[in-house]
Amino acid sequence: MKNFVEELKWRGLIHDITPSTEEFLLNNSSSGYIGFDPTADSLHIGNLVQIMTLVHFQKCGHKPIILIGGATGMIGDPSGKSKERKFLDEKKLIDNQNKIRSQFEKFLDFSGNNSASVVNNKTWFENFNLLEFLRNVGKHISVNYMMAKDSVKNRLETGISFTEFTYQLIQGYDFYWLWKNKDVKIQFGGSDQWGNILTGNELIRRLEGGESYALTTPLITKSDGGKFGKTEDGNVWLDENKTSPYKFYQFWINVSDEDAKVFIKIFTQKSNNEIKKLIVNHDKEPHLRIIQNALAEEITEIVHDKEKLNIAKSTSSVLFGKFLKEDFDNLEEKVMESLSTAVPCVTIKRDNLLNDFKTILTESTNFEIFKSKSELVRMIKNNGLSINKDKINNEDYIISDNLKFNKYLLLQKGKKNYTFIIVE
RNA sequence: GGGGGGAUACCAAAGCGGUCAAAUGGGGCAGACUGUAAAUCUGUUGACUUAUGUCUUCGCAGGUUCGAAUCCUGCUCCCCCCA
């Protein structure tokens with residue numbers, strides 16, 4: 001058995017761990033789980049740490065289990081509205097669950113003898129009534145114990161609802177159920193989950209005198225103090241319809257040097273030696289950003305695929321590389337299309353192309369690109385306007401003569417302020 | 001209740017009868033440099049058929065004047081001091 005705990009340790013992925021976990025996992029092929037909230041139809045990169053935990057777990061010869069919180073998800077968000085909510089929710093939850101499962105399939109092996117699997121706690125909570133729950137579960141955990149948890153303590157001042165207070169029991173029971181029925185011995189989670197996980201361990205001990213383990217990962221932070229995983233456009237999702245492969249790739253490319261050295265351990269499966277080598281090479285020629293490239297490539301390829309990675313890379317080189325007009329003329333249509341997911345787009349009706357240059361770029365595009373003709377003229381005077389990678393120095397450019405694939409135009413204000421124009 | 005000060009463009013702040021579309025700084029945008037970084041330097045920063053032209057803009061509403069951000073009257077809001 002490969003040493004799972006050791007693997008996580010050098011990657012900086014352990015925040016808290018119960019005693020003798022390492023020893024247990026070295027001697028037993030075991031099952032472990034993490035709970036995920038099905039409230040969104042996609043995972044985002046904030047979930048990636050947890051996913052990677054399971055990836056390493058499986059690679060070390062254990063069985064990863066993904067718990068989709070169909071039941072807990074319903075409790076978690078009581079802010080519904082209409083009467084039919086329950087039905088809608090159920091459909092939506094199943095839909096979300098399927099989408100999330102297919103995202104896990106990219107990371108984990110769902111076949112073989114330590115195959116990954118997905119469970120939903122709705123299965124065991126559906127027919128579990130309140131009285132039964134109180135008798136069989138609530139009885140064993142004291143309020144004193146529950147109150148001692150940081151997650152609860154921190155909320156006592158500001159207020160905590162009974163529902164949220166109970167959450168640790170529900171989650172604890174999940175662990176117990178999986179322990180009992182699926183031979184799950186360990187639960188993983190973010191550091192904020194420590195308390196909830198321990199409630200599960202406690203429940204297992206009290207109900208059956210059983211042994212179980214817990215391991216949490218640290219909260220990922222950025223060196224500049226900002227939140228990891230957020231961009232101006234919000235979350236970075238794994239679903240390509242919510243975050244395009246290009247934007248996903250770019251997120252990793254733009255990580256700072258300092259963060260990249262930490263992230264490459266956390267988010268890739270590269271070995272310690274490979275990573276050490278990358279860091280040495282990176283520090284020799286930091287401008288090449290070797291680590292960021294390695295990081296972006298590996299993760300983008302797993303989450304999307306090789307082809308989409310390549311398109312994202314080509315798109316990036318169009319937007320940021322030393323890219324000349326000639327190169328632009330030879331671009332594949334696929335890459336051109338991908339530009340529409342990379343930069344803000346503006347559509348324009350084909351008959352508007354009859355207007356003069358300045359009118360097209362202001363009025364005909366609802367002043368989205370240039371707020372006024374003066375601004376446009378100023379931009380040209382400052383040598384700041386390019387179309388299709390070609391600097392524009394005069395105002396009698398004919399747009400309709402320069403469309404790519406008869407409908408696309410890449411407009412550039414300055415170096416990195418792009419607008420993609422689609423004629424329809 | 002009494003006395004004093006203020007309201008200017010994205011923000012801060014000068015201007016106190018024509019030369020004011022309004023100094024200066026910050027921010028924004030662009031150029032050079034660069035690692036799709038940081039710093040620095042340069043240009044630019046109300047709109048319009050780019051014009052030593054017109055229009056809109058200096059809290060709001062009126063007025064004086066050939067001419068007002070600038071003077072007068074009223075109003076609204078802010079700050080400070082004394083009770």
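Nothing here was measured: the structure is a model prediction, and the numbers come from that model. Letters go in sequence order (proteins before strands), and every chain restarts at 1.
A:Tyr408 meets the ring pair (Phe, Tyr, Trp, His ring centres under 6.0 Å) test with A:Phe420; sequence neighbours excluded. Residues passing the ring pair (Phe, Tyr, Trp, His ring centres under 6.0 Å) test with A:His62 are A:Phe57, sequence neighbours excluded. Residues that satisfy the ring pair (Phe, Tyr, Trp, His ring centres under 6.0 Å) test with A:Tyr213, not counting sequence neighbours, are A:Phe24. Under the rule for a salt bridge (Lys or Arg N to Asp or Glu O under 4.0 Å), the partners of A:Glu395 that lie at least two apart in sequence or sit in another chain are A:Lys358. Applying the ring pair (Phe, Tyr, Trp, His ring centres under 6.0 Å) criterion to A:Phe328, with sequence neighbours excluded, gives no partner residue. Under the salt bridge (Lys or Arg N to Asp or Glu O under 4.0 Å) criterion, A:Asp329 pairs with A:Lys325, A:Lys404, not counting sequence neighbours. Not counting sequence neighbours, A:Pro344 has no partner by the side-chain contact (heavy atoms from CB on, under 4.5 Å) test.
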Tabulate atom names and distances for all N/O pairs under 3.5 angstrom spanning the protein and nucleotides 26-29 of chain B.
none

Listing time: all N or O pairs from protein to nucleotides 32-39 of chain B that are below 3.5 Å?
residue : atom : partner  : partner atom : Å
B:C33   : N4   : A:Lys415 : NZ           : 3.4
B:U34   : O4   : A:Lys415 : NZ           : 2.6
B:G35   : O4'  : A:His287 : O            : 3.3
B:G35   : N1   : A:Asp257 : OD1          : 3.4
B:G35   : N1   : A:Asp257 : OD2          : 3.2
B:G35   : N2   : A:Asp257 : OD1          : 2.9
B:U36   : O2'  : A:Asn254 : OD1          : 3.3
B:U36   : O2   : A:Gln250 : OE1          : 3.2
B:U36   : O2   : A:Asn254 : OD1          : 3.4
B:U36   : N3   : A:Gln250 : OE1          : 2.9
B:U36   : N3   : A:Gln250 : NE2          : 3.2
B:U36   : O4   : A:Gln250 : NE2          : 2.9
B:A37   : OP1  : A:Lys416 : NZ           : 2.8

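A gap of 15 Å separates the P atoms of B:A69 and B:G62, to the nearest Å. With P as the reference atom, B:G28 and B:C11 are 15 Å apart, rounded to whole Å. A distance of about 45 Å separates the P atoms of B:G35 and B:A21, rounded to the whole Å. Between the P atoms of B:A37 and B:A32, the separation comes to 14 Å (whole Å). Comparing the same atom, C1', in B:G46 and in B:C10 gives a spacing of 12 Å after rounding to whole Å. Nucleotides B:G17 and B:U70 place their P atoms 11 Å apart, quoted to the nearest Å. Across B:C81 and B:G15, the matching P atoms stand 24 Å from one another, rounded to whole Å. Nucleotides B:U76 and B:G26 place their C1' atoms 30 Å apart, quoted to the nearest Å.
At least one donor-acceptor pair under 3.5 Å links the side chain of A:Asp327 to the backbone N or O of A:Leu324.
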Note, RNA chain B 5' to 3' with Watson-Crick or G-U pairs under 3.5 Å encoded as ( ), [ ], | and . gives ((((((((.[[[..)..(.....]]]((((((.......))))))(((....)))...[[[[[..)....]]]]]))))))).
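Going from atom CZ of A:Phe370 over to atom C1' of B:U45 covers 15 Å, rounded to whole Å. For A:Leu385 and B:A30, the CG to C1' distance is 11 Å, given to the nearest whole Å. Here the P atom of nucleotide B:A47 and the CG atom of A:Leu376 are 12 Å apart, to the nearest Å. A:Lys371 places its NZ atom 18 Å from the P atom of B:U44, with the value rounded to the nearest Å.
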Please list, one pair per line, the donor and acceptor atoms closer than 3.5 Å that link side chains of residues 364-371 of chain A to other protein atoms, with sequence neighbours excluded.
residue  : atom : partner  : partner atom : Å
A:Ser364 : OG   : A:Asn355 : ND2          : 3.1
A:Ser364 : OG   : A:Thr359 : O            : 3.4
A:Thr365 : OG1  : A:Ile360 : O            : 3.2
A:Thr365 : OG1  : A:Leu361 : O            : 3.3
A:Thr365 : OG1  : A:Thr362 : O            : 3.2

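In this structure the side chain of A:Tyr145 reaches within 4.5 angstrom of the side chain of A:Thr199, judged on heavy atoms. Using a 4.5 Å heavy-atom cutoff, the side chains of A:Ile66 and A:Leu108 are in contact.
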Reading nucleotides 50-57 of chain B from 5' to 3' and marking B where a protein heavy atom lies under 4.0 Å of the base, S where only the sugar-phosphate is that close, and - otherwise, the string is B-------
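A:Gln269 pairs in a side-chain hydrogen bond (donor to acceptor under 3.5 Å, both in side chains) with only one of the listed residues (A:Lys59, A:His56, A:Glu7, A:Glu298), which is A:Lys59.
For the atom pair NZ (A:Lys313) and CD (A:Glu301), the distance works out to 9.0 Å, reported to the nearest 0.5 Å.
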Before giving the answer on side chain to side chain contact (heavy atoms under 4.5 Å, CB included), spell out for A:Asp283 and A:Asp257 the whole-Å C-alpha distance, their side-chain angles and the decisive distance to 0.1 Å.
CA-CA 9 Å; A:Asp283 287 340; A:Asp257 291 8; over 6 Å; no
